[in-house]
Amino acid sequence: MFARRARVRWALIGAARPSARTDGAGARAGRELTQVLGQRKLFQKALPGVMHAFIFWGFLVLLPTIIEAMLSIANPDWTLPIVGDASWFLFLQDLFATLVAVGVGIAFYIRKVQRPDRFRGSHMQEADRILLLILGIVATLLLWNATRIALGDVSSTAPMPVAQGLSSLFGTGQPTETLERAFVWAHVLLVLGFLTFLPKSKHLHIITAAPNVYFAKNRPRGYLEPLTIDLEGPEEDMRFGVATAKDLSKKQLLDLYSCTECGRCQEVCPAWNTGKPLSPKLLIMNLRDHVVGIDPAAMASGTVELQPLVPGAVTDEVVWDCVTCGACVRECPVDIEHIDTIVDLRRNLVMAESRFPNEAGTMLRGIEGPTENPWSQPASARTDWVGDIPVRILQPGEQAPEYLFWVGCAGAFDDRAKQTTRSVARLLNAAGLEWAILGPRERCTGDPARRMGHEYLFQILAEQNVATFAESGVHKVVATCAHCFNTLANEYPDYGATLEVVHHTELLSHLIAERRLLTTAGAGGTVTYHDACYLGRHNGRFDAPRDVLAGSGLTTEEMERARERSFCCGAGGARMWMEEGGDARINDTRFAEAAQTGADTLAVACPYCFVMLDDAAKAAGSEMRVADVATLLAESTLGTTAHG
């Protein structure tokens, strides 16, 4: 029965689109050791981590015992060779059977007493049945061992204190012999019942979690795999994202099968936390429930018209609520890649159906039009921020100096972001670096279009920008925008770019360490720093901005949610250009956390964060200042540099 049910699930994966994930076998093996065997991500929550580790490690240790019990039905005198009568194995068997029972008790305590909100929407009754099955399996094992001890069938009773204690309940006569057979049969039947139930339950992750972790991306979380679109190629090879179940990749199907419904992703999701329909957990569950109802043969043959996943499984609103902050992916213990699936759904809605929020259309028209930027400003305006600052504008045919300063669309056109741009330019000059900008030849990196789902527009922009880099001999790029930084560093190599990309806070931290920028005590005061998702959680850059602030004479107060668990500003995933619904705005929620620290200044390191949090400060009527790390450093540094 298990094989029959599992065959259907396997056939669906077989009919799915291939996903090539064979690079970095060493890193993949390392994840198996740390995340699967070591349960590392589960221990991000201490008590649930202990609970799951007890159950998981317990079943690994008890697997040989289950085999022994099955064979004991055929021959009661049979035991495992080598380890069957070994004292150490009997002790481990007794210990881990007990730990599994303790783990089940902790699980019921969490679910029935603590009752965290992250379980909302999960299949709680199914989980209860599974937990009771697990408890029954280890209880019958302990009772079976207890009857064996009472009958004298176990050579050494000392290493099995729990079973030894239970053995006092039994005598040495025929009733105990009957009970010994009853307990071993019950144990085996419960195991087989669990196995039969497995393929159609959320506990299928017992089988799929390990391969799902293995095939996770060996790239920064901010990286999206390219969808190459060749309009001149064969029409049957054309794919515009995910429309129906047959468009899902094998990894995406593994994601659906592997969801444990633990709700850790839901708990940290900015959209869900501000009253929006999107829950990463419910998204995966709804897609799974939709897909498992499909006939694998029909999916493979393409003879049956499949229902669209949007709105068949999830609504349009759910797909567009995502800010691609990556909090869900970081928390997920089985490495489900929610963002990749959401973006694939968006790709189909945008490129195949032209279906997206109306207000985002202005942004897309600006990028794909002659201005090539979301602000729809002319290319000639890209240098309006310069003023009296000495800036070299790289002309066609000229070779780039050591650094190309990638100003970015926000840094060139948004009045608040221009403050950051000017501060960085002054600091680079003060440190004596050789640098230049592309000026009118710079165009949008395509990040907003890509996260919006317009992969073809991103592909065009990436190819054009890479060609400009090659023509000008650009090798080192410094970017102030976390989104530009992520795109240039992680995604442009897919289009032939060979760049060393640094964020401006990294470069400034390096210049301070080399004493090429000499800081002073500054104006004093306190500052709290907001970690940009595409700099911090997606790319692991947490320390450089804080190092720069430390050199600016300001006392830092950390927010409760900081570094890898930072809360989003609400601008990612092209959400900066869309209206926001729900019970609260994400940027207002984040700014309230910053205000609670009592700091004078909220420091940021991304123009998107700057705009969103400054808007929130104004809406709150707060006197708290919002400023980029570079501006705070410039105020502390200019006029006292090593280069005068």
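Scanning both residues, Phe54 and Val100, for their nearest heavy atoms gives O-CG2, 3.6 Å. Across all their heavy atoms, Asp494 and Leu224 have their closest contact at OD2-O, 4.4 Å. The minimum heavy-atom distance linking Pro296 with Ala11 is given by the pair CB-CB, 3.5 Å.
Comment: Glu225 does not engage Arg347 in a salt bridge, judged by the lack of any side-chain N to carboxylate O separation of less than 4.0 angstrom. Look at Glu491 and Arg450 and you find a salt bridge, because one of the NZ, NE, NH1 or NH2 atoms lies within 4.0 Å of a carboxylate O, short of that distance. Salt bridge absent: Lys251 and Asp340 never bring a charged side-chain N and a carboxylate O closer than 4.0 Å. Look at Asp531 and Arg561 and you find no salt bridge, because none of the NZ, NE, NH1 or NH2 atoms lies under 4.0 Å from a carboxylate O. Under the 4.0 Å criterion applied to side-chain N and carboxylate O atoms, Asp344 and Arg17 are assigned as salt-bridge partners. Note on Glu126 versus Lys200: no salt bridge recorded, every NZ/NE/NH1/NH2 to OD/OE distance being 4.0 Å or above.
Listed by chain and residue number, Leu166 satisfy the side chain to side chain contact (heavy atoms under 4.5 Å, CB included) test with Leu169 (two or more places apart in sequence, or in another chain). Annotation: salt bridge (charged side-chain N to carboxylate O under 4.0 Å, His left out) contacts of Glu331 (sequence neighbours excluded): Arg565. Judged as a ring-ring contact (aromatic ring centres under 6.0 Å, His included), and not counting sequence neighbours, His338 has no contacts. Taking Leu151 as the reference, Asp153, Thr176, Glu177, Glu180 meet the side chain to side chain contact (heavy atoms under 4.5 Å, CB included) condition, with sequence neighbours excluded. Partners of Arg585 according to the salt bridge (charged side-chain N to carboxylate O under 4.0 Å, His left out) rule, which considers only residues two or more places apart in sequence or in another chain, do not exist here. Evaluation of the side chain to side chain contact (heavy atoms under 4.5 Å, CB included) rule for Ala327 yields Val268, Cys325, Arg537 as partners, not counting sequence neighbours. For Tyr534, the ring-ring contact (aromatic ring centres under 6.0 Å, His included) partners at least two apart in sequence or on another chain are His483, His538. Contacts of Arg219 classified as salt bridge (charged side-chain N to carboxylate O under 4.0 Å, His left out), with partners at least two apart in sequence or in another chain: none. Under the salt bridge (charged side-chain N to carboxylate O under 4.0 Å, His left out) criterion, Asp316 pairs with Arg355, sequence neighbours left out.
Contact check for Glu593 versus Arg590: side-chain heavy atoms found under the 4.5 Å cut-off. Here the side chains of Ser19 and Gln252 are not in contact, with every heavy-atom distance at 4.5 Å or above. Using a 4.5 Å cut-off on side-chain heavy atoms (C-beta onward), Leu278 and Glu317 make no contact. In this structure the side chain of Pro48 reaches within 4.5 angstrom of the side chain of Ile110, judged on heavy atoms. Side chains of Arg31 and Asp335 form a contact here, defined as non-hydrogen atoms less than 4.5 Å apart. In this structure the side chain of Leu47 never reaches within 4.5 angstrom of the side chain of Met51, judged on heavy atoms. Looking at Cys265 and Ile336, their side chains never come closer than 4.5 Å, going by heavy atoms from C-beta outward. Inter-residue side-chain proximity for Pro159 and Trp88 is flagged as unmet; no heavy-atom pair is nearer than 4.5 Å.
Checked by atom type and distance alone, the side chain of Asp583 never pairs as donor or acceptor with a backbone atom of Thr274 at under 3.5 Å. Remark: the backbone N or O of Thr341 is not paired with any side-chain donor or acceptor of Arg346 at under 3.5 angstrom. Side-chain N or O atoms of Thr140 include none that pairs as donor or acceptor with a backbone N or O of Ala186 at under 3.5 Å. Side chain of Lys246 to backbone of Ala15: no donor-acceptor contact under 3.5 angstrom is found. Within the 3.5 Å criterion, the main-chain N or O of Gly263 finds no donor-acceptor partner in the side chain of Arg118. Although no hydrogens or angles enter the test, the distance criterion places a donor-acceptor pair under 3.5 Å between the side chain of Asp295 and the main chain of Ala297. Proximity of a side-chain donor or acceptor of Lys281 to a complementary backbone N or O of Arg120 within less than 3.5 Å is detected. Side-chain atoms of Arg5 come within 3.5 Å of backbone atoms of Thr196 as a donor-acceptor pair (strictly under, hydrogens ignored). Under a 3.5 Å cut-off, the side chain of Asn145 and the backbone N or O of Ala163 do not form any donor-acceptor pair. For Thr324 (side chain) and Gly573 (main-chain N/O), a donor-acceptor pair under 3.5 Å exists by modelled atom type.
Between Asn348 and Arg239, the side chains place no donor N or O within less than 3.5 Å of an acceptor N or O (distance only, hydrogens not considered). In summary, the side chains of Arg181 and Ser72 do present a donor paired with an acceptor at a separation below 3.5 Å, with no hydrogens or angles considered. A donor-acceptor contact under 3.5 angstrom links the side chains of Gln35 and Arg40, judged on distance only.
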Please determine whether side chain to side chain donor-acceptor pair (under 3.5 Å) holds for the pair Tyr257 and Asn212, giving the CA-CA distance in whole Å, both sets of side-chain angles, and the decisive distance to 0.1 Å.
CA-CA 9 Å; Tyr257 291 165; Asn212 202 55; over 6 Å; no
Under the side-chain contact (heavy atoms from CB on, under 4.5 Å) rule, what do Phe183 and Leu141 come out as? Steps first, then yes or no, please.
CA-CA 7 Å; Phe183 286 137; Leu141 172 62; over 6 Å; no
Going through the distances and angles, do Gln266 and Ser279 end up as a side chain to side chain donor-acceptor pair (under 3.5 Å)?
CA-CA 5 Å; Gln266 179 175 285; Ser279 158; 2.6 Å; yes
With salt bridge (charged side-chain N to carboxylate O under 4.0 Å, His left out) as the criterion, how do Glu564 and Arg330 come out once you've worked through the C-alpha distance, each side chain's angles and the decisive distance to 0.1 Å?
CA-CA 8 Å; Glu564 289 189 340; Arg330 182 197 178 273; 2.7 Å; yes
Worked check of salt bridge (charged side-chain N to carboxylate O under 4.0 Å, His left out) between Glu558 and Arg546
CA-CA 10 Å; Glu558 290 284 4; Arg546 290 172 169 82; 2.6 Å; yes
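Residue pairs satisfying the side chain to side chain donor-acceptor pair (under 3.5 Å) criterion with at least one member in residues 95-116, sequence neighbours excluded, are listed as follows: Lys112-Asp128. Judged as a salt bridge (Lys or Arg N to Asp or Glu O under 4.0 Å), the pairs with a partner in residues 45-65 (not counting sequence neighbours) are, in order, Lys45-Glu267.
Ring orientation note: the planes of Trp144 and His187 are close to parallel, at an angle under 30° on the 30°/60° scale.
Rounded to the nearest 0.5 Å, atoms CG (Leu253) and CZ (Arg288) are 12.0 Å apart. Note that CG of Asp588 is 8.0 Å distant from CD of Glu580, once rounded to the nearest 0.5 Å. Within the model, atoms CD of Gln125 and NE2 of His123 stand 10.0 Å from one another, a figure rounded to the nearest 0.5 Å.
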Determine all donor-acceptor pairs shorter than 3.5 Å in which one atom belongs to a side chain in residues 203-210; sequence neighbours excluded.
residue: His205; atom: ND1; partner: Lys202; partner atom: O; Å: 3.0
residue: Thr208; atom: OG1; partner: Leu204; partner atom: O; Å: 3.4
residue: Thr208; atom: OG1; partner: Ser258; partner atom: OG; Å: 2.9

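Applying the 6.0 Å contact sphere to CD of Glu560 captures no more than 12 heavy atoms from other residues, nucleotides or ligands.
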